[in-house]
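Heads up, the thing below is written out as structure tokens.
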Amino acid sequence: MSRRPARRAVLVLAAITTLALFAVSSGSGADDQRKRGGTLRLISSGDVDSVDPGQTYYSFGFQIANAVHRGLYGSPASSLKTVPDLAAGQPRISGDGKTVTVRIKRGVRFSPPVSREVTSADVKYAIERTFSTSVPNGYVFTYFADLVGAPTSPPKTPKPISGITAPDKYTIVFKLKQPSTTLVGALVMPNTAPVPKEYAAKFDNKTSSDYNFHQVASGPYMFEADESGNIRGTGYTPGKRMKLVRNPNWSRATDYRPAYVDTVEVQEGFVDTTVGVRRILSGAADGAGDYTILTAALMKELTTKHKSNFYSWPSGTQYIVMNLAKKPFDNLNVRRAANFVMDKNALRLAAGGSTVGATATHFIGPEFKGKGYEAAGGLAYNPYRSTNNAGDVTKAKAAMIKAGYADGMYDGPAITAIVANTPPFPQQGRIVAASLAKIGFKVNIKLVSIDAMFTKFCVVPKNEPELCPSVGWFADFKDPVTMLDPIFNGKNIQPTNNVNMSQLDDPAVNAAMERAKQIKSSKARYAAWGKIDKMIMERAVVVPWLWPSIPNVISDRVVPGKNYVVGGLLDPASTSLR
Amino acid sequence: MAIAPEALATAEVTTTRPFALFWARIRSDRIALAAFSFLVLVVLSAILAGPITRLVAHPPNAQYPERLDQIFGTPTGPSREFLFGVDTVGSDVFSRVLYGARVSLTVAVVGTGIALLLGTTLGLLAGYYRGIVDTVISRTVDVMLAFPLLLLALGIASACSLGRGCAGGLIQPGMTTVIGIIILFSWTYFARLARGQVLSLREKEFVEAARATGAGDLAIIGREILPNLVTPIVVYAALVIPQNILLEAALSYLGVGINPPQASWGQMIAEATPIFESAWWYFVFPGAALVLTVLAFNLLGEAVRDALDPHPTKA
């Protein structure tokens with residue numbers, strides 16, 4: 001079970017509705033009772049997708065970026081609120097909703113070798129560069145497309161966007177083609193973290209930017225670097241290790257991050273999660289970067305014997321993708337049959353049972369309580385209901401008969417499922433195959449690495465198989481738009497990096513989404529997204545089966561900082577040592 | 001002292017047919033017999049997996065999630081209904097071990113068999129014709145043997161596991177990929193062995209005699225050389241089969257071998273390793289099946305080698 005589709009990932013809190021709650025000045029949220037100093041030692045199975053704040057789109061990448069960079073908005077540890085980070089206060093939205101103005105704080109400084117004060121021009125450039133192919137970004141065309149002058153296809157190198165202006169050093173203005181609550185919510189994304197153009201342009205004006213290896217920090221930590229600012233081989237060796245040290249130019253007075261520890265070290269390559277977890281429990285490491293799923297046996301052990309070393313964080317939706325561009329899933333009733341017959345209980349048990357979260361009955365999950373979950377029907381809305389969520393063969397066969405299969409059994413050619421090859425994904429592939437076999441399907445399971453699953457197949461429409469069962473989706477910020485628009489809006493279908501893996505392009509759904517994005521009233525907007533969730537389920541586009549809780553293992557010496565911004569992973573910027 | 005001609009005429013000359021001698025030697029080797037008996041059991045289990053599971057177990061791909069711990073989803077152990085317990089999705093481990101035997105034996109025997117035919121043929125040609133034929137085949141073998149087996153196998157298995165497979169679809173993901181890898185790496189050893197034997201055999205008097213009587217290349221190879229190659233090749237094949245069973249298990253363990261839901265011992269061991277502490281049965285039964293089968297093949301292979309040896313060292 002993947003915790004994210006490609007280039008995707010993190011729960012970032014930032015609801016539009018909470019904008020009213022923004023503190024005008026956040027100041028330091030540090031708890032002085034907690035110990036300061038020491039080294040936080042993290043381990044991971046693989047590397048981050050990128051250390052460039054404009055490129056990262058995975059939970060692990062966000063975990064590091066949040067300690068090094070400051071976006072316009074963010075969220076303190078253990079808080080559900082979005083607060084200004086680099087911003088000095090809440091955004092001001094014009095009466096017509098087409099102009100968004102953000103003031104930024106004074107006195108925030110870049111790390112060496114730039115070492116100057118951050119200005120609004122740095123934020124403007126930071127966003128502009130993420131539209132270019134040299135700084136590939138997985139979400140900017142989804143969340144920032146309403147900017148006036150935003151390119152429809154990416155330029156090779158960063159180009160100015162007329163809809164972003166910096167009238168003075170501490171003001172940035174976003175001009176929109178139409179009112180967009182989505183863009184306001186997306187101001188929490190790490191591509192709003194400042195990048196100094198005069199320093200970064202020489203790296204960005206290449207076919208593929210290498211600013212990641214020369215980056216400067218605005219947050220409490222920076223990658224250990226040599227005198228020229230190069231971090232490669234010093235603070236970052238791709239695939240092997242990372243080392244964060246304190247940013248000497250960081251001012252505690254301007255930041256809510258407590259930044260207790262002095263150093264953060266990440267050792268990569270602990271692929272075997274069982275070994276990695278044992279390492280953390282023994283005290284040889286303090287936490288993990290990308291252990292978003294553990295085996296059922298480990299979950300049992302952690303939740304029974306090591307309660308003090310474990311916490312989980314509800315986040316996202318796990319689902320089975322059916323490719324609507326291919327037979328037989330181009331047929332609505334076949335998709336409904338697949339929804340009816342799927343043994344969601346078995347899928348959940350294979351992932352760790354009740355310890356891993358609640359069985360999903362639609363897409364917007366309980367993490368969106370008060371923000372669309374109820375409007376979508378909450379737990380009561382279960383359009384493909386079955387006893388104990390174990391699947392209903394009778395209803396599935398009835399749907400198959402409606403689809404034109406005389407005896408309710410599929411009689412077409414075998415279908416293919418591309419499944420990630422590390423446990424428990426293969427087991428889940430077996431469960432999907434066994435469930436569909438009850439209505440006549442023969443499913444050929446192809447096991448591939450999780451990277452290949454995304455980069456070669458599931459997000460490349462021309463190579464996409466009939467089924468991709470190992471995927472999930474996390475919210476980018478606390479508005480249901482981020483759960484539905486990227487992955488179900490037809491305009492987001494791309495030849496590569498296509499996160500609309502079902503390839504749904506339904507005019508009614510697309511139009512409903514565009515309408516919902518422009519609703520200013522948060523209550524009405526959440527209700528609209530709830531209805532869209534129902535539209536998607538009526539069309540049986542996917543089989544949602546789990547609203548997961550992300551497991552986290554910590555050592556005895558750690559006082560964890562739990563943060564929405566990093567998807568519930570251990571937050572280095574708010575974790576302390578005992 | 002002179003011997004009377006009549007005495008010579010009545011003296012009994014006792015000869016033993018080669019197979020009888022071979023069988024007599026095997027029968028006297030208890031370890032070999034035990035190994036042979038075990039392999040017969042494994043082969044029968046593989047062939048009769050269907051009827052056996054219908055009688056005492058469950059279909060290998062059937063899932064019984066109600067047999068999992070309903071809170072944590074962990075497997076439950078051996079019971080009357082599930083002799084070897086259940087795996088991580090609630091499938092019967094006993095059934096999957098039986099069906100796993102089919103995969104292991106099919107992959108190893110078919111792969112080794114094709115490699116034997118290919119390697120022996122090429123080795124025979126290289127050794128018999130020498131010259132440019134020998135150079136081309138022998139250098140190809142050298143190049144193949146220079147590759148690190150497991151790393152290249154992993155690469156090929158990964159590549160052929162995607163899409164429509166490799167070689168224009170000839171090698172499909174799953175079992176045929178594994179068989180292809182086994183052939184790719186095993187034929188070289190047979191070729192080397194055959195070439196070496198043939199280089200020696202082609203200079204023997206009986207070959208020269210055949211050539212003197214006007215026999216052609218094909219006749220010499222088929223009637224004079226090939227029969228003398230059978231013993232070393234068969235003995236070697238018996239030792240290569242267990243290696244290939246392990247290779248299949250290794251590839252499946254690493255997630256690039258047999259695709260689920262088809263049962264494979266290596267795949268089962270891979271799934272069971274992280275949960276060994278809480279579900280020992282899931283590791284122990286397929287693990288024991290793999291170890292005992294490989295051990296039996298090795299012991300039998302050695303016994304066959306000893307039994308076919310014209311200069312036995314054993315009493």
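So that the names make sense, note that chain A is the first sequence line, chain B the second, and so on, each numbered from 1.
Along residues 62-71 of chain B, the residues that come nearer than 4.5 angstrom to chain A, judged on non-hydrogen atoms, are Q63(B), P65(B), L68(B), D69(B), Q70(B), I71(B) in order of number.
The heavy-atom pair separating P260(B) from I445(A) by the smallest distance is O-CB, 3.1 Å. Between P426(A) and E271(B), the shortest heavy-atom contact is CB-OE2, 4.5 Å.
Contacts between T416(A) and chain B at a heavy-atom distance below 4.5 Å are absent for every atom of the residue. Looking at S435(A), there are no atoms closer than 4.5 Å to chain B (heavy atoms on both sides), in backbone or side chain. Contact annotation for N345(A): only side-chain heavy atoms (C-beta onward) come within less than 4.5 Å of a heavy atom of chain B. Heavy-atom distances place the side chain of T274(A), and not its backbone, under 4.5 Å from chain B. In this structure, the portion of D343(A) lying under 4.5 Å from any heavy atom of chain B is its side chain and not its backbone.
When T273(A), I431(A), T355(A) are compared by the number of non-hydrogen pairs under 4.5 Å with chain B, I431(A) comes out ahead.
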Carefully, step by step, assess K300(A) and I275(B) under the rule side-chain contact (heavy atoms from CB on, under 4.5 Å).
CA-CA 11 Å; K300(A) 181 178 182 180; I275(B) 57 171; over 6 Å; no
Residue pair L349(A), F72(B): steps toward the side-chain contact (heavy atoms from CB on, under 4.5 Å) verdict:
CA-CA 7 Å; L349(A) 285 170; F72(B) 298 105; over 6 Å; no
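Using a distance-only test at 3.5 Å, with no hydrogens or angles considered, no donor-acceptor pair links the side chain of N259(B) to the main chain of K446(A).
If you take OG on S278(B) and CD on E301(A), they are separated by 8.5 Å, rounding to the nearest 0.5 Å.
Salt bridge annotation for E277(B)-R278(A): present, with a cationic side-chain nitrogen under 4.0 angstrom from a carboxylate oxygen.
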